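First the structure, in the form of structure tokens, and then the observations on it.
Just so you know, these numbers come straight off a predicted model, no measurement behind them.
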There are 2 protein chains.
Amino acid sequence: MSPEATRDLDTRERLLVAGTELFGRKGFNGCGLTEVLQQAGVPKGSFYHHFSSKEEFGVAVIERARDQHLDEMRPLLGDRRLSPLQRLRTMFEQARADCAASGANAECLIPKLALETGSLSESVHAAVKCAYQQWSAMLAQVLREGQNLHEIDRKHDADHLANVLIMLWEGAAIRMQIDRNIAALDDFQTFVFDTLLRHPGAQSS
Amino acid sequence: MSPEATRDLDTRERLLVAGTELFGRKGFNGCGLTEVLQQAGVPKGSFYHHFSSKEEFGVAVIERARDQHLDEMRPLLGDRRLSPLQRLRTMFEQARADCAASGANAECLIPKLALETGSLSESVHAAVKCAYQQWSAMLAQVLREGQNLHEIDRKHDADHLANVLIMLWEGAAIRMQIDRNIAALDDFQTFVFDTLLRHPGAQSS
DNA sequence: CGCTATAGACCGACCGGTCGGTTTTCTGAC
DNA sequence: GTCAGAAAACCGACCGGTCGGTCTATAGCG
């Protein structure tokens with residue numbers, strides 16, 4: 001990487017890191033640009049060199065969170081040393097651990113920002129929908145594998161089930177944020193892995 | 001009711017109606033007081049006679065939505081002419097119809113506002129938790145009845161299941177707001193009533 | 001009349017964004 | 001390698017507008 005690219009990414013990245021943390025905590029409209037800039041240590045003129053508006057910045061924060069989450073999910077869901085069900089469990093346990101450590105992860109941040117800014121722009125809308133589609137597709141693939149191996153109950157259509165799992169996770173994430181503890185995520189894990197996905201006759205190991 | 005009380009409630013109620021609609025659409029921080037006042041046709045001095053701050057107003061909006069939702073749920077979940085499962089189905093179908101008609105209902109509005117204002121005050125927090133506890137208790141009671149009648153699968157603990165249903169509904173509500181259609185709520189219905197709650201051997205009618 | 005409720009001008013703070021100036025980096029000519 | 005000019009990136013004072021809240025005056029009511 002050339003020096004100017006390093007400089008460019010450094011400032012921009014610092015902004016995105018600060019935006020991710022502050023928008024996650026205070027919301028998009030609840031946190032002014034000034035605060036983001038202070039935390040990132042970037043003056044206003046620099047900000048507008050990189051992003052044409054706060055809204056474009058918000059889209060970039062969402063896209064970054066999405067891509068990071070996908071990068072995290074991919075190796076976990078693709079780990080062929082484990083069975084499909086184990087891969088799913090590992091992935092959700094990692095997500096739970098992320099939430100326990102920092103209070104939120106991309107799957108919590110993105111819908112939160114989307115709800116708040118949903119009436120603003122098509123860019124936000126498109127970025128969020130893209131995230132959901134990718135998450136859903138990845139989950140559905142692993143679910144299908146598990147069903148084919150008789151490890152996961154075939155009662156539910158895999159695509160439908162993937163959507164349901166994401167919705168349930170989002171609901172649990174809301175409760176976590178409201179309750180300020182991760183009990184809801186534990187409920188999610190228990191429900192999904194101990195009963196919902198359980199194949200009649202499969203071992204729980 | 002005395003005339004001044006009518007007068008008092010009229011202005012206050014107009015504010016709460018406007019707040020419910022605008023906060024639901026634009027969020028708490030995304031919608032300024034001026035806009036609420038314009039829609040309600042209430043001058044600023046009057047607003048501050050009834051509410052000491054925007055935050056207190058937000059809490060009142062949440063509490064009103066919660067109580068209205070409970071008032072709506074109660075007769076549906078308590079209708080003994082129907083079986084427990086049918087009562088649940090009717091209630092969620094009514095909620096779905098509310099969302100289809102107006103874009104949201106209390107169960108969508110409350111977590112949305114809670115996420116946005118969660119770092120603000122204990123009052124919001126307390127009001128939201130109270131809502132969840134009441135919804136959950138009501139659902140759990142009906143689920144338990146259905147399980148006792150072998151109408152609803154006993155695989156899941158009723159209290160746990162009530163929490164899961166609420167989380168799943170919240171997740172579906174988020175998707176609805178993001179996708180701008182109610183397909184996610186239909187997925188919720190299909191999943192919950194056609195598979196999840198179905199008692200092995202029970203008729204679907 | 002006294003109290004409640006309304007009315008709206010006003011306040012300082014904060015908002016997102018603008019814009020002229022400065023510094024740093026890059027590029028091509030010599 | 002040096003240098004001059006251009007481009008990229010940084011810098012922060014400034015802007016008009018909006019924000020939530022204050023406060024004095026007035027209207028309405030019993």
Measure CD/Q38(B) against P/dG20(D) and give the value in whole Å, please.
12 Å
How long is the straight-line distance from CD of Q39(A) back to CG of L15(A), given to the nearest 0.5 Å?
10.5 Å
Is there a donor-acceptor contact under 3.5 Å from the side chain of R64(B) to the main chain of A60(B)?
no
Under 4.0 Å, heavy atom to any atom of DNA chain C: which of residues 16-23 of chain A qualify?
none
Nearest of dG20(D), dG16(C), dA9(D) to any side-chain atom of H50(A)?
dA9(D)
Within this structure, what is the OH-to-C1' distance between Y48(B) and dA25(D), rounded to whole angstrom?
19 Å
Atom-pair distance (CZ on F51(A); C1' on dG17(C)), nearest Å
15 Å
Any side-chain heavy atom of T11(A) within less than 4.5 Å of one from F47(A)?
no
Remember a base hit wins even if backbone is also touched, and classify S53(B) as base, sugar-phosphate or nothing at under 4.0 Å, heavy atoms.
sugar-phosphate
Which nucleotide in the list dC11(D), dC15(C), dG20(D) gets nearest to the side chain of T34(A)?
dC15(C)
If the condition is side chain to side chain donor-acceptor pair (under 3.5 Å), which residues does Q68(B) pass it with, not counting sequence neighbours?
none
Measuring only between side-chain heavy atoms, which start at C-beta, is T117(A) closer than 4.5 Å to V59(A)?
no
On DNA chain C, check which nucleotide each of C31(A) and G45(A) is closest to and give me the residue with the more 5' one.
C31(A)
Nucleotide dA13(D), atom C1' - distance to CG of L37(A) in whole Å:
15 Å
How close or far is atom P of dA13(D) from atom CG of L33(A), stated in whole angstroms?
17 Å
Answer with base, sugar-phosphate or nothing: what part of the nucleic acid does K44(A) contact at a heavy-atom distance below 4.0 Å?
base
When rounded to whole Å, the CZ to C1' distance for the pair R14(A) and dC10(D) reads 11 Å
Counting side-chain heavy atoms from CB outward, which of dT6(C), dG17(C), dG20(D) is closest to P43(B)?
dT6(C)
Report the relative orientation of the aromatic rings in F191(B) and H156(A); use parallel for angles under 30°, tilted for 30 to 60°, perpendicular for over 60°.
tilted
Compare every heavy atom of G19(B) with every heavy atom of V36(B), then report the nearest pair and how far apart it is.
CG1-N, 4.1 Å
Among the nucleotides dC19(D), dT6(C), dA8(D), which one has an atom lying closest to any side-chain atom of H49(A)?
dA8(D)
Between S52(A) and dG17(C), is there a side-chain N or O to OP1/OP2 distance below 4.0 Å?
no
Can you tell me how far P of dG17(C) sits from CD of E56(A), to the nearest Å?
10 Å
What does G32(A) touch in the nucleic acid at a heavy-atom separation under 4.0 angstrom: a base, only the sugar-phosphate, or nothing?
sugar-phosphate
Return the 5'-most residue of the pair F47(B), F47(A) with respect to DNA chain C, ranking by each residue's nearest nucleotide.
F47(B)
Are N163(B) and R175(A) packed together at the side-chain level, in the sense that at least one heavy-atom pair is separated by less than 4.5 angstrom?
yes
K54(B) NZ to dG21(D) P, straight-line distance once rounded to whole Å
8 Å
